[in-house]
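Atoms within each ligand, like the ligands themselves, are counted from 1 in listed order.
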Amino acid sequence: MAQPTLDTPEYTASSIQILEGLQAVRKRPGMYVGSTDARGLHHLVNEVLDNSIDEVLAGACTTIDVTLQADGSCSVRDDGRGIPVEVHPKYHRPTLEIVMTVLHAGSKFDRRAYKVSGGLHGVGVHVVNALSEWLEVRVRRDGHEYFQRYERGAPVAPLSVVGPATSTGTETRFKPDPTIFETTAFDAETIARRLKELSFLNPGVTIRFRSEKDGAVSEFHHAGGIAEFVEDLNANATPLFRPPISLHAKRESTDVEVAVQYTDGYNETTLAFVNNINTVDGGTHVVGLRSALTRTLNDYARQRGWIKGEKEGLTGEDTREGLTCVLSVKVLEPQFEGQTKAKLGNSEVKGQVDSAVSQKLAEYFEEHPAVGQALISKALQAAQAREAARKARELTRRKGLLEGGGLPGKLADCHSRDPGQCELFIVEGDSAGGTAKQGRDREFQAILPLKGKILNVEKARLDKMLQNEEIRALITAIGTGIGDDLDLAKLRYHKVILMTDADVDGAHIRTLLLTLFYRKMPALIAEGRVYIAQAPLYRLQKGAKMAYAFSDEERDRALAELGGMKGVTIQRYKGLGEMNAEQLAETTMRPGARELLRVTVDDAARANELFQILMGEEVEPRRHYIEEHAVEVTNLDV
Ligand code: 0RA
């Protein structure tokens, strides 16, 4: 073909328009990438990546290379068709430049069959460009390699041909703007997790990941797709059957894919994706899936006479005990809802997923009766346990233990009855509990000391859990109830703060408590109500000068500030109990002076893995994990 016109004739009205557009993005970055913290930063990578994945979906790309460069930039290179470079009819500039400065999803050049816009994804790579100190793009197409560089979104020179090309593809390299983002340091683990996820969701692609900082390389390719994803999620659990059930069907324009496996455990892990986007808050597709599972299992069990009568039957919760599931749907015009746009709203999708899964699952059971029977037997056991738990609950309720009037005896409650003001400190042991009681502000701070280690709920069902006195005290104090009965409106404290010792036992107790919250009261974590108190490790004193240190690094810094070791007394706190009440209050408990870590779960797959490994039956992976991640385990922040 003829050499494309690379001079850019009309840097007039339209270029002013473009600059105004980029300026709008820089002025309100949060509107486009959600936030300017680490999450917003990684959103840039996802945005660029999504464009390459679109080429995969179009069947035009097989390999993607992602590199964290030594200069702090990130590059994404694909072997797709390359972004078109010919002069754009409306803007009279190369389309590439327009894609990098103006265009976004919904435009004529949007190749997407299934849109990702409507949520935070699909805002367009011009947003990445606008929020980058610089961005360089190379396109191989029509036998040429094209190059253009931009700074803060604006091209510094016209698009140019820099050499010949024998292949096609696009490489985008960008350095996030430090005047926009609070942090510009990419986290290799966060990126690697998304790449792995994408390689399961798009089984045709190979994604290579390299970090120039430490030379680490990895490659993700999973021909088995979401069934392999489920196997991976269950790597540290004991599945009831192999391979996972794998279903695929289409209803109207909606494409439904599900992989299902059950383990001998009691928890549910369902990861749901819409057009490759992780819908962590669920939505209509998940509702449809659950409805299909409950109905299909009940129908199957009734047909075989394993369930009789109308009153008997499996509840949704019964059919999800031990379930590990990945749901991936493709929806033409998805509507993403909620604060983080991570919930699917399209009402028609519920019925589509329900219908597709019901039909395919029933067919699967016809062909695999042994699996069908195993699942029913598992769900029936769950139903029995549910009934036993109900009886246990009724018994304790009658005893007044689970009612507001019957708060646990060891709870030192606060005076305020306004949950928005109130805080509950869950403290390890009676001795630390005593210190915390003296150090608290009794107006709004309540203390609940726990004796030793609470029951590991990763290995126990509801009925057994409720027999455990420590857990009952905890549930009663918090007020919401648990499982499907959880009612956030009854939450008695808007801050639930775990305050454990900074040693191995403390870390274990904290993990046990986090397991309980994550598995049985996930809404509490989702609402950001669970916190971890940060207690100091050292107290340094030199004459009248005194400092606390929360890590070894801080201790060394404080030592330097105090002028070295000479004359400095260093006290190392092995437990909270070694502090007096005033010390505990001024370092760990008092608002304004303390620092609390809010517990968040960004990544359900990772949290599930962590809890399976740390709390599950299998000893070997736990030992391995603790050896590999000793530091993270003591600072668990899931
Ligand atoms: C618009 C149209 C076509 C491809 C692309 C954009 C494209 C964009 C990106 C972004 C990263 N990698 C990409 N690869 C391709 C289709 C062009 C054609 O029909 O040849």
- Counting each atom of ligand 1 from 1 as listed, which ones have a heavy atom of Asn51 under 4.0 Å away? 10 (C), 11 (C)

- Fit a plane to each ring of His368 and Tyr364, take the angle between them on a 0 to 90° scale, and name the class: parallel (under 30°), tilted (30 to 60°) or perpendicular (over 60°). parallel

- Anything under 30° is parallel, anything over 60° is perpendicular, the rest tilted; go ahead and classify Phe186 against Phe174. perpendicular

- Ligand-residue contact atoms, ligand 1 with Arg81, heavy atoms, under 4.0 Å: 16 (C), 18 (C), 19 (O), 20 (O)

- What distance do Leu293 atom CG and Thr319 atom OG1 have between them, rounded to the nearest 0.5 Å? 4.5 Å

- Task: To the nearest 0.5 angstrom, please state how far the CD1 atom of Ile180 sits from the CG atom of Leu41.
- Result: 12.0 Å

- Task: Answer side chain, backbone, both or neither: which part of Val125 comes under 4.0 Å from ligand 1, heavy atoms only.
- Result: neither

- Message: Keeping Asn234 on the side-chain end and Pro239 on the backbone end, is there a donor-acceptor pair under 3.5 Å?
- Response: no

- Against heavy atoms of Arg141, which atoms of ligand 1 measure under 4.0 Å? 17 (C), 18 (C), 20 (O)

- Query: Considering only heavy atoms, does Ala60 approach ligand 1 within less than 4.0 Å through its side chain, its backbone, both, or neither?
  - Reply: neither

